[in-house]
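Worksheet: one structure, shown below.
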There are 2 protein chains.
Amino acid sequence: MSSVAPLEQVSSNKTFEGELIKYKFKSASLGGLSANFNLFLPPNASPTNKVPVLIYLSGLTCTEDNGAQKGGFLGPASLQGIAILFPDTSPRGAGIEGEDDDWDFGTGAGFYLNATNPKYSSHYNMYTHVTLELPQVIESAGLPIDWKRQSIFGHSMGGHGALTIYLNSPKQYRSVSAFAPIANPTKCPWGEKAFKGYLQGGIEEARERYDATELIAKQKDPVHILIDYGTHDNFYKQGQLLPENFLKAGRDAGYDEVQVRVRNQEGYDHSYYFISTFARDHIYFHANFLKA
Amino acid sequence: MSSVAPLEQVSSNKTFEGELIKYKFKSASLGGLSANFNLFLPPNASPTNKVPVLIYLSGLTCTEDNGAQKGGFLGPASLQGIAILFPDTSPRGAGIEGEDDDWDFGTGAGFYLNATNPKYSSHYNMYTHVTLELPQVIESAGLPIDWKRQSIFGHSMGGHGALTIYLNSPKQYRSVSAFAPIANPTKCPWGEKAFKGYLQGGIEEARERYDATELIAKQKDPVHILIDYGTHDNFYKQGQLLPENFLKAGRDAGYDEVQVRVRNQEGYDHSYYFISTFARDHIYFHANFLKA
């Protein structure tokens with residue numbers, strides 16, 4: 001392992017008896033740009049008591065702050081003694097022509113993949129950023145996280161990120177959950193646009209690695225998956241999420257409702273008002289596995 | 001009572017089994033400008049079951065959204081069967097010269113008073129807006145709120161608003177609480193600036209009606225007051241809040257720690273990370289009185 005960038009603390013807020021700390025560092029995976037993340041440490045975390053960690057991946061247009069401020073995750077995580085890592089959603093300021101033109105591509109919309117299109121491949125590597133780089137820089141900084149106990153969850157584009165990262169490395173993560181995930185992105189407009197832009201092989205390449213419905217179909221290991229979506233979610237109605245495709249692929253692959261649980265929540269929409277309602281459910285779901 | 005402006009629904013989000021609805025209407029108290037507010041209705045509210053209501057007044061620079069999105073109030077309020085009304089913090093777009101120049105005066109900084117300086121008195125009447133107009137327009141719209149059971153709370157400038165509104169009308173509200181309130185505004189820079197600007201009689205006029213520490217000193221009725229502030233709150237350290245003055249005036253007036261409870265929370269700051277930590281405490285405090 002080459003030398004790891006040091007962390008610089010940007011701010012710190014005491015909350016729910018723990019601490020939410022914002023850090024920045026020079027991110028190699030994002031082309032050397034400065035990258036932010038938030039880390040919630042529960043009150044029982046200490047140099048002699050490393051705690052399990054849950055990674056929260058946010059949706060389109062978001063930063064590392066949305067989930068921390070609006071998710072309602074910190075109270076339950078404090079009670080359960082679980083850290084939460086909130087990465088950003090893309091590199092910032094890569095200077096690539098056109099990256100700020102659309103809200104659903106480029107800045108704020110990294111889709112948690114490693115770009116193979118040369119135009120983006122120096123900077124848009126959120127997959128490596130989340131799975132490898134952040135654990136490395138946090139571990140090197142001596143923060144009290146036990147990386148042998150990590151789980152992952154997310155919202156919308158971040159639900160896509162969480163599911164695909166988990167299904168590609170089910171040994172690295174103990175469980176996954178998602179709020180209104182983009183669950184079959186090779187078959188929806190958001191995913192098609194992202195994959196055609198970021199990947200040299202386009203949608204074909206994405207099917208191999210970045211589509212949760214494709215990945216669950218060929219999965220063999222035991223899995224622990226929870227998904228919630230709202231029946232009044234406009235993006236669900238528009239066919240951007242397709243959780244029913246994921247559910248069908250999971251059942252066809254032989255997973256029962258304990259291993260792959262997909263719940264449709266009557267009347268809820270795509271907002272953080274929906275997410276915060278089920279925040280405690282998700283934290284407690286992960287606690288079952290993180291503290292086992 | 002003259003004719004009451006009708007409400008127009010702007011949006012609605014299901015949350016914690018209840019509903020958060022954003023409304024707008026033409027506000028007479030704010031000079032005929034369009035005014036927004038959010039109203040959370042718990043799941044048990046219905047035409048045949050009017051529910052008690054808690055009014056949340058937000059701080060400087062905020063709108064009707066900050067408390068709804070970041071406060072952490074909705075889950076506990078849902079469980080307790082309490083509605084929450086989130087007003088805005090000032091008129092918007094009054095077109096008064098200079099009202100958008102500073103973040104701590106004018107737009108976003110109405111200070112929950114009725115202006116007597118003619119420059120502002122047609123529009124800056126947040127006191128009437130909160131205490132009289134909003135209950136009237138919501139009642140006229142037939143929403144299931146029992147206005148005989150209302151309490152009030154707030155943050156920073158909104159904590160000042162909640163305390164002064166309560167102490168001026170302790171029969172109208174059953175209880176009051178505040179996070180990091182501006183508790184003695186005639187003796188701090190924020191308050192001095194606001195009162196000199198909005199009030200013809202300046203700070204002298206404010207002492208009569210808009211300073212919680214002055215008001216508790218001459219209060220005779222039983223009161224139910226809870227205040228939390230953080231010891232790492234920079235505005236507290238700068239002397240903008242002065243909760244110790246309020247506490248002393250309350251004790252001097254004969255109120256014990258059940259009637260006037262002021263808690264200093266070690267290490268917490270001025271942010272919503274602090275507020276959300278103690279959100280449930282405050283909702284449950286008010287529930288004691290609202291459901292009695």
Side-chain angles (χ1 to χ4, degrees), chain A residues 10-22 38-43 62 64-79 84 86 179-180 228-236 264-284, chain B residues 10-22 38-43 62 64-79 84 86 179-180 228-236 264-284:
Chain A
V10 177
S11 62
S12 167
N13 300 87
K14 186 170 177 183
T15 187
F16 291 99
E17 301 179 54
E19 196 177 4
L20 184 82
I21 316 166
K22 188 188 287 275
N38 283 312
L39 182 66
F40 172 73
L41 289 174
C62 289
E64 69 278 9
D65 288 334
N66 301 65
Q69 294 177 344
K70 301 182 187 177
F73 306 130
L74 306 185
S78 175
L79 286 171
I84 306 186
F86 300 90
F179 303 95
D228 280 313
Y229 68 96
T231 59
H232 285 202
D233 182 324
N234 282 328
F235 297 119
Y236 166 65
N264 58 336
Q265 302 290 0
E266 182 61 36
Y268 287 91
D269 59 33
H270 203 69
S271 71
Y272 273 88
Y273 292 117
F274 156 61
I275 296 172
S276 57
T277 300
F278 299 99
R280 201 176 69 155
D281 263 26
H282 284 239
I283 300 292
Y284 279 55
Chain B
V10 176
S11 62
S12 166
N13 300 88
K14 187 169 177 182
T15 188
F16 291 99
E17 300 180 55
E19 195 177 5
L20 184 82
I21 315 167
K22 188 189 287 276
N38 283 312
L39 181 67
F40 172 72
L41 289 174
C62 289
E64 70 278 8
D65 287 334
N66 301 66
Q69 293 177 346
K70 301 182 187 177
F73 306 130
L74 306 185
S78 175
L79 285 172
I84 307 186
F86 300 90
F179 303 94
D228 279 313
Y229 67 96
T231 60
H232 285 202
D233 182 326
N234 282 329
F235 297 119
Y236 165 67
N264 58 337
Q265 302 289 0
E266 182 62 34
Y268 287 90
D269 59 34
H270 203 69
S271 71
Y272 272 88
Y273 292 117
F274 156 61
I275 296 173
S276 57
T277 300
F278 298 98
R280 202 177 68 153
D281 263 27
H282 283 239
I283 300 292
Y284 280 54

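Side-chain atoms are counted along with the backbone in the values below, which use heavy atoms only and exclude waters and symmetry mates. Order of the sequence lines fixes the chain letters, A, B, ..., with proteins taken first and strands second; residue numbering starts at 1 for each chain.
With a 4.5 Å cut-off on non-hydrogen atoms, D269(B) touches chain A through its side chain but not through its backbone. Contact of S271(A) with chain B is made through the side chain alone, with heavy-atom distances under 4.5 Å. Heavy atoms of A279(B) lying under 4.5 Å from chain A are absent altogether. Residue S11(B): no heavy atom, backbone or side chain, is found under 4.5 Å from chain A. With a 4.5 angstrom heavy-atom cutoff, L74(A) touches chain B only via side-chain atoms.
Taking CD of Q69(B) as the reference point, atom CG of L20(B) lies at 9.0 Å (rounded to 0.5 Å). Distance check, rounded to the nearest 0.5 Å: CZ of F278(B) to CD of Q265(B) gives 3.5 Å. For the atom pair I283(B) CD1 and L79(B) CG, the distance stands at 10.5 Å (nearest 0.5 Å).
At distances below 3.5 Å, at least one donor-acceptor pair connects side-chain atoms of N38(A) with backbone N or O atoms of E64(A).
Between Y236(A) and Y229(A), the ring planes are tilted. Angles from 30° to 60° get that label.
Residue with the most contacts toward chain A among R280(B), K70(B), H232(B): K70(B) (heavy-atom pairs, distance under 4.5 Å). Ranked by heavy-atom pairs under 4.5 Å with chain B, the first of Y272(A), F274(A), F16(A) is F16(A).
Within a 6.0 Å sphere centred on CD of E17(B), other residues, nucleotides and ligands contribute 12 heavy atoms or fewer.
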